[in-house]
Amino acid sequence: STENDTNLLLYSGHDGDNQMFSFIPYTEKSDEIVVKGSYSIKSAHSGTWYAGVSGDPSTYKTNSPLLLTANNTDTFTFEPDGRGYYKIREDSSGLYLTTKDSSGFFDRKKVVLAEKSGSRACQWIIKKYGTNKYLIISKLNGYCLNANESKEGFALNIIPLNKASADRHCWSFTANKDITVSFNPTNGTSDTSSKKVVYGSTYGTLPEPERTGFTFDGWYTSETGGDLITSDAKVTAKDNLTLYAHWTAVPVAAMVSFK
């Protein structure tokens, strides 16, 4: 018998000739929306390790494994679908956590990055399991995201919940703070001096500065040189930053009018 009507009996594996089973507090849908937006995901087991992907974010790709990392440089956006499930997107790559690889094979243990899909392998259920602790459960099979080890590079997997060591399956979420973007018009004028953005989102609408005798070339990360920032560019800075207006002088002949 189950402990209550919402528990689901799941097969866990073999121990010699004996079969082992686990009861998981699992329902078909998440609790009331507990997360929405961009977060770092910390293991409750260690309290110091985070879910992430190894290497330079520019190299993240389909089938990159989800790992334990020593820092929270990787963040994830929880996208509720309105039906009690979540898509979990890695912010740098725009790819989603899944248990299905690019060949279409469902892996009941491995968690990797993949393109967004409507598959159950890309859907997750978030359940409260203590104070500021949550289970991240695969809709595919009811298995929980697991941090069984506390070491750099440990490949995170999904397994049935073991209540005797539940913290190995529990996670806490820390929301990304707002980042202030200041606009330096560089000898021009702008009606907007700053705005708030969130890491992993896009910059959104940017001001249009003016400067007599110059055409505006865009906002850049440095007063000279730097990277061009557009409204649809992703925010990769984790601290407040300043964008600088770049200008091109209008040729004098083009400014002369004749009556």
Side-chain angles (χ1 to χ4, degrees), residues 8 10-13 22 24-26 30 34-35 38-46 48-57 59-81 84-127 129 133-162 165-174 200:
L8 178 69
L10 289 177
Y11 172 66
S12 172
S22 294
I24 294 182
Y26 167 71
S30 300
V34 292
V35 287
S38 182
Y39 296 79
S40 57
I41 303 176
K42 180 187 286 188
S43 169
H45 173 46
S46 66
T48 57
W49 295 90
Y50 295 83
V53 184
S54 179
D56 185 334
T59 66
Y60 295 177
K61 59 184 179 181
T62 298
N63 285 350
S64 289
L66 189 66
L67 308 169
L68 273 185
T69 65
N71 54 63
N72 61 341
T73 56
D74 288 319
T75 59
F76 301 83
T77 295
F78 288 75
E79 301 176 354
D81 67 358
Y85 311 121
Y86 288 88
K87 304 281 189 181
I88 304 176
R89 172 169 54 83
E90 194 283 315
D91 290 326
S92 297
S93 65
L95 298 172
Y96 290 77
L97 301 190
T98 183
T99 54
K100 182 179 181 181
D101 69 20
S102 59
S103 67
F105 175 73
F106 289 90
D107 191 320
R108 294 180 182 272
K109 293 286 186 71
K110 185 170 56 177
V111 180
V112 298
L113 300 182
E115 297 289 343
K116 184 177 182 179
S117 78
S119 166
R120 288 182 301 157
C122 277
Q123 291 178 306
W124 301 86
I125 297 165
I126 310 299
K127 302 293 292 182
Y129 202 79
K133 294 180 182 179
Y134 301 89
L135 299 175
I136 302 176
I137 306 169
S138 170
K139 185 176 182 288
L140 177 67
N141 53 24
Y143 287 13
C144 301
L145 185 65
N146 170 62
N148 196 47
E149 301 288 342
S150 295
K151 61 182 181 180
E152 182 77 26
F154 173 74
L156 297 177
N157 53 20
I158 50 174
I159 63 173
L161 175 67
N162 180 350
S165 56
D167 273 359
R168 296 177 185 272
H169 313 287
C170 289
W171 304 86
S172 63
F173 308 127
T174 303

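Keep in mind that this is a model prediction, so the values were computed, not measured.
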Does any non-hydrogen side-chain atom of [Y] lie less than 4.5 Å from one of [X]?
X	Y	answer
F173	S40	no
C144	I158	no
I159	H169	yes
I125	Y85	yes
I88	I136	yes
E115	L95	yes
T174	K42	no

Taking all atoms of both residues into account, what is the closest heavy-atom pair of [X] and [Y], and its distance?
X	Y	result
N146	F154	O-CE2, 4.1 Å
L156	A51	CD1-CB, 3.8 Å
Y60	V53	OH-O, 2.7 Å

Original post:
Where do L66 and L113 land on the side-chain contact (heavy atoms from CB on, under 4.5 Å) test, with the steps shown first?
Top reply: CA-CA 7 Å; L66 189 66; L113 300 182; 5.5 Å; no

With rounding to the nearest 0.5 Å, note down the distance linking [atom1] in [X] to [atom2] in [Y].
X	Y	atom1	atom2	answer
D81	K87	CG	NZ	7.5 Å
L97	W124	CG	CH2	6.0 Å
F76	S38	CZ	OG	9.5 Å

**OP:** Classify the angle between the aromatic ring planes of F78 and Y86 as parallel (below 30°), tilted (30 to 60°) or perpendicular (above 60°).
**Re:** perpendicular

